[in-house]
Amino acid sequence: KVEAGKMELVIDDLALAELGQRLRRTFAHVAEEKGLGFALDIDPELPAILRTDGSKLEQVANNLLSNAFKFTAAGAVSLRIGRPANDVEIPAALLGQPLIAIMVSDTGIGIPPDKFQRVFNAFEQVDASTSRQFGGTGLGLAISRKIAQLLGGDIVLRSESGRGSCFTVLLPETPLRHPISPQS
């Protein structure tokens, strides 16, 4: 649906606290099973309600958290919903407007800088070798980025090989009046 430009958005009120509760419920047991720390923080300065497609945004957050837990063997995964951190590189199209940032950080395997853009391509993976340790199709990040773009935002990545990653979903605080489909 994303590739064909047929994904429709349902813009409605999304209570950030409810989103946080659902994500905590979904991933608390994963953290416990893997013996990882799991922190979830929502900046109290944010508006309580975000106008967006809540199910699509939750799908993106679920995808990023699933990856973070998959690629983290020790340490912690954290989710923070707030304003973008000062070291987040804001894409030009989003500059100058109030943004909400959903930051998923982990202490996992990390991503080498030369693979930053490739991990967002369909079927691309950090470890694409035949003996790779981590399963999956390589579609999660590609779809997540397209959904973020459909919502008027984007996803940016900060990572260091062997030291973990931070994926930040950036969304305009005010939704697009006429959502446009992302360019392939």
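Hydrogens, waters and symmetry mates play no part in the numbers below; they use all other heavy atoms, side chains included.
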query = Do other residues, nucleotides or ligands put more than 12 heavy atoms under 6.0 Å from the CZ atom of R22?
reply = yes

task = Please name the pair of heavy atoms, one in S159 and one in G164, separated by the smallest distance, quoted to 0.1 Å.
result = OG-O, 2.9 Å

message = Could you see if I100 belongs to whatever hydrophobic cluster contains L94? Use Ile, Leu, Val, Met, Phe, Trp, Tyr and a side-chain cutoff under 4.5 Å.
response = no

request  = With rounding to the nearest 0.5 Å, note down the distance linking CZ in R51 to CG in L151.
outcome  = 12.5 Å

key: Sub-4.5 Å side-chain heavy-atom contact between I81 and L19   = yes

inquiry  = I want to check something: taking the side chain as every heavy atom from C-beta on, are Q21 and L40 in contact at a cut-off of under 4.5 Å?
reply    = no

key: Residue Q97 excluded, over 12 heavy atoms near CD under 6.0 Å   = yes

note = One should read off an interatomic distance between L57 CG and L150 CG, to the nearest 0.5 angstrom, of 12.0 Å

ask   = So, do S55 and V10 sit near enough that their side-chain heavy atoms are less than 4.5 Å apart?
value = no

ask   = Any chain of hydrophobic side-chain contacts (each under 4.5 Å) joining V104 to L14?
value = yes

request  = Side-chain contact test, heavy atoms from C-beta onward, threshold under 4.5 Å: evaluate it for L99 versus R83 and give yes or no.
outcome  = no

key: Residues T107, R163; criterion side chain to side chain contact (heavy atoms under 4.5 Å, CB included); working and verdict   = CA-CA 6 Å; T107 56; R163 303 196 78 169; over 6 Å; no

ask   = Using the ring of each side chain (for Trp, its six-membered ring), is F167 parallel, tilted or perpendicular to F120, with breaks at 30° and 60°?
value = perpendicular

task = Find out if a path of hydrophobic residues (ILVMFWY) with successive side-chain heavy-atom gaps under 4.5 Å connects V119 to I102.
result = yes

request  = Take D43 and R80 through the test side chain to side chain contact (heavy atoms under 4.5 Å, CB included) and record every step on the way to the result.
outcome  = CA-CA 8 Å; D43 183 342; R80 183 171 183 287; 3.7 Å; yes

task = Using atom types as modelled and distance alone, determine if a side-chain donor or acceptor of S161 lies under 3.5 Å from a backbone N or O of I111.
result = no

message = Taking the side chain as everything from C-beta on, heavy atoms only, tell me whether V60 gets closer than 4.5 Å to I155.
response = yes

Side chains of I147 and Q59 in contact at under 4.5 Å (non-hydrogen atoms) = yes

task = Please examine the side chains of F69 and D106, heavy atoms only from C-beta on, and report whether any two atoms are closer than 4.5 Å.
result = no

ask   = So do F38 and L65 actually touch side chain to side chain, heavy atoms under 4.5 Å?
value = yes

N62 and L23: CA distance, side-chain angles, deciding distance, side chain to side chain contact (heavy atoms under 4.5 Å, CB included) verdict = CA-CA 7 Å; N62 275 323; L23 293 170; 3.4 Å; yes

request  = Working to the nearest 0.5 Å, report the span between CE of M103 and CG of L64.
outcome  = 12.0 Å

